[in-house]
Amino acid sequence: MKILTTYIRQSLSKRLSLWIVVFATIIFVAALGFMFVESRRAVREEAISHASQILESTVLRINGIMDRVEVATNNTDWLVTRHLDAPDSMFVYSRRILQNNPFLNGCSIAFEPHFFKDRGRFFSAYSNNENGVIQTTQEGNEKYVYFYMDWYQLCKLLDRPCWTEPFLDFNPQDISSAEMICSYCKPLKNSSGEYVGTISVDLSLSWLSKTISSVKPYPHSYSIMIGQGGTFFVHPDTTKLFFQTIFTETLEHPDTTLTALGHAMQRGEEGMRQLTLDNEDCYVFYKPLGKTGWSVAIVCHESDIFGGYNRLQRYVIGIVIAGLLLMLFFFSRIIARELKPLRQLAQEAETIASGQFDAELPDFKRIDEIGHLSQSFGHMQKSLVDYIKELKTTTAQKASIESELNVANSIQMSMLPSVFPDREGLDMYASMTPAKEVGGDLYGYLLIGDKLYFCVGDVSGKGVPASLFMAQVTRLFRTLAVQQMQPAEICTRMNNALSGDENLTNMFVTLFIGLVELQTGHLMFCNAGHNPPIIGGGEHHGEFLKMFSNYPIGIFPDLDFQGEEIDSIKGCPLFIYTDGLNEAENLEHDQFGDDRLLNILRNTHFDSARQVIETLAIEVENHRNGADPNDDLTMMCLRVN
């Protein structure tokens, strides 16, 4: 797999072909997906309509048969009640019903006990149709007391015609065979309205089952019919007939969908439900049977309904896959042929990249994009040769400049003290880190007897101009400090020297100059627009030094700078810095900030001035987190004990 992926990544034609096929696949999947969804919906609706129509016609057919049974019974009823004085005519009427309705199984015209006194206790004219042969006999004896049969008692008790539930009615001395039947029975009454007997017409459940089961919307579909109690009257599995109900299977394996279907059929509802029968997903269409309280259902397997659709889906998917593979093959060949000049150009480009700038590029004699690209390569080759020549010259000049900048950096750093006073009662340390090769920050000190002059400054701008201006400031500081002037006077004279017509570049410097008497700790200072130092110890530990802020040096001439003083700073560390510390930025341009600076100094135990400087340098580097310095960074810390 890894080798195949590498091969595809190395071949533009293969990638282009693959992308084309991928997009074509997306389009095909979207289009075919929509078509399949809509087609499946249409097939489902057509199946529902088809099965519903068949079920409707089946129910109409069965209802028609039952109506014919009821009509035949009603047409015979008036003859029977008209000739109640002629018992032998009952055999004729019973036989005639079967002759006129060959689909009927039997007919009984039964009377109350001793109704015909000369015929004894039992009198029932019964005719049976078996395989087209009609036989008629007297029904009823001590072994078959028809008075107690459902087909006799039901209509008597209800006092209206009704259909019985299917039953097995077999008399060993009778002419009928053992077969499940259902009967339409109607009470017989005399002219006074008194009940005298029952006329019952039998319909074979076997014949009715064949009639219902003969209707198949699909090859594997089948029909079922249940009674009012849910008992199966019609079912392809004959072991379930009359001995199981639609709820029997749910006793061991609960199935809410099957139970709901059974209750819906019992309530005489009609409709369609989806459920699983015998591990097959099925659609069940059900409808009640007239006044009987029975319900008929057609069970259609989903595989039958969507069989043709599924076959078509497989064929279409197979054709699409084959088409996509052929598309990939042909597009790969076509694109590879069209990109052959590009491969040649790539090889020549590698030759040029190896240093053979005079290599000859092929001329494809084309006016399309590849031809334009070939011409552009030619122009690029010529430009590259000229550029290499210029680059060599520029590189030599840059190397010379970098060498000079390194020398300038060494000179600048030599102007800043690297050795600090080793004197009892004084702890002092400072550092300067330029953002570029040379910077514009400065610091310095001068020890004259018990007097210590010190300064920290930040020149506007960066680079070489700032470093030259910084050199002037450093020279003036040392020159004026030697004369033991006060810090405010030093700032005034430096400002006069660096501003006005002599400052053509309009550069300036923020500067903090201090003078401390080491014996007493008395501090005199002047702040020329510089960041306020931070003082430690005492009640103002870790706070900015409150002072008057003068203008930076070099902006306006003839300014009188104001100085300030503190009686004693003994035991109180003084920290002076440039804005390269509190304005240091990380990759997200978040600044180091004054609050963080104050918090670090408040919580840093003062072991030495150098330890304070190095701690802050580490904190700033961690804050930058890989970001380049955005300004020069200078820090000074001193403590008089």
Fill in: Smallest separation among heavy atoms of Asn101 and Ala72, with atom names
ND2-CB, 3.4 Å
Item to complete: Check whether any side-chain N or O of Asn586 sits under 3.5 Å from a backbone N or O of Asn625 as a donor-acceptor pair, and report yes or no.
Response: no
Response to the item:
For Leu188 and Ala110, the nearest pair of non-hydrogen atoms, with its separation, is CD1-O, 4.3 Å
Worksheet entry | Step-by-step side-chain contact (heavy atoms from CB on, under 4.5 Å) determination, Ile226 to Thr245 | CA-CA 8 Å; Ile226 64 172; Thr245 70; over 6 Å; no
Practice prompt. Sort out for me which residue in Phe115, Tyr146, Phe147, Phe91 forms a ring pair (Phe, Tyr, Trp, His ring centres under 6.0 Å) with Phe123.
Written response: Phe91
Worksheet item: If you measure from CG on Asn100 to CD1 on Ile97, what distance do you get to the nearest 0.5 Å?
Response: 8.5 Å
Discussion item. I need the minimum non-hydrogen distance between Thr136 and Ser127, along with the two atoms involved.
Written reply: OG1-OG, 2.9 Å
Discussion item. One pair to check against side-chain contact (heavy atoms from CB on, under 4.5 Å): Arg273 and Met265. What are the steps and the verdict?
Written reply: CA-CA 11 Å; Arg273 292 177 185 261; Met265 294 178 70; over 6 Å; no
Worksheet item: Would you say Asp150 has more than 12 foreign heavy atoms packed within less than 6.0 Å of its CG?
Response: no
Item to complete: Hey, could you give me each pair passing ring-ring contact (aromatic ring centres under 6.0 Å, His included) that has a residue in residues 283-303? Not counting sequence neighbours.
Response: Phe233-Trp294
Practice prompt. Check each of Leu55, Thr58, Ile298 against Lys287 using the side-chain contact (heavy atoms from CB on, under 4.5 Å) test, and report the only one that passes.
Written response: Leu55
Item to complete: Output the distance between atom CD1 (Ile199) and atom OG (Ser94), rounded to the nearest 0.5 Å.
Response: 7.5 Å
Practice prompt. Could you tell me whether a side-chain N or O of Ser49 sits under 3.5 Å from a main-chain N or O of Glu45, the two making a donor and an acceptor?
Written response: no
Fill in: Residues, nucleotides or ligands: over 12 heavy atoms within 6.0 Å of Glu302 CD
yes
Worksheet item: How many angstroms lie between CD in Glu269 and CG in Leu261, if you round to the nearest 0.5 Å?
Response: 10.0 Å
Item to complete: Any salt bridge (charged side-chain N to carboxylate O under 4.0 Å, His left out) involving residues 100-120? Give me the pairs, sequence neighbours left out, ordered by first then second residue.
Response: Asp88-Arg119, Glu112-Lys156
Worksheet item: What is the minimum heavy-atom distance between Pro236 and Ser223, and which atoms define it?
Response: CD-O, 3.8 Å
Worksheet entry | Pro161 vs Cys155 side-chain heavy atoms within contact, under 4.5 Å | no
Worksheet item: What residue pairs, at least two apart or across chains, pass salt bridge (charged side-chain N to carboxylate O under 4.0 Å, His left out) with a residue in residues 307-329?
Response: none
Item to complete: State the CD1-CZ distance between Ile134 and Arg96, to the nearest 0.5 angstrom.
Response: 12.0 Å
Fill in: Side-chain touch Asp281/Gln274, heavy atoms, less than 4.5 angstrom
no
Worksheet, complete the sentence: One should read off an interatomic distance between Asp595 CG and Ile600 CD1, to the nearest 0.5 angstrom, of 11.0 Å
Discussion item. Rounded to the nearest 0.5 Å, what separates atom CH2 in Trp163 from atom OG in Ser183?
Written reply: 8.0 Å
Discussion item. According to side-chain hydrogen bond (donor to acceptor under 3.5 Å, both in side chains), who are the partners of Asn131, at least two apart in sequence or on a separate chain?
Written reply: none
Worksheet item: Looking at Phe122 and Glu139, what are the two nearest heavy atoms and their distance?
Response: CB-O, 4.5 Å
Response to the item:
Quick note, salt bridge (charged side-chain N to carboxylate O under 4.0 Å, His left out) partners involving residues 60-71, not counting sequence neighbours, are none
Item to complete: Ignoring hydrogens and angles, state whether a donor on the side chain of Asn599 or Asn603 is under 3.5 Å from an acceptor on the partner side chain.
Response: yes
Item to complete: Determine, stepwise, if the pair Tyr144 / Asn141 fulfils side-chain contact (heavy atoms from CB on, under 4.5 Å).
Response: CA-CA 5 Å; Tyr144 183 73; Asn141 50 53; 3.6 Å; yes
Fill in: Trace of the side-chain contact (heavy atoms from CB on, under 4.5 Å) decision for Asp202 with Leu104
CA-CA 6 Å; Asp202 305 330; Leu104 295 178; over 6 Å; no
Fill in: Result of checking Arg82, Lys186, Lys189 against Asp77 for salt bridge (Lys or Arg N to Asp or Glu O under 4.0 Å)
Lys186
Practice prompt. Tell me, please, which residues at least two apart from Ser192 pass side chain to side chain contact (heavy atoms under 4.5 Å, CB included).
Written response: Asn190, Glu194
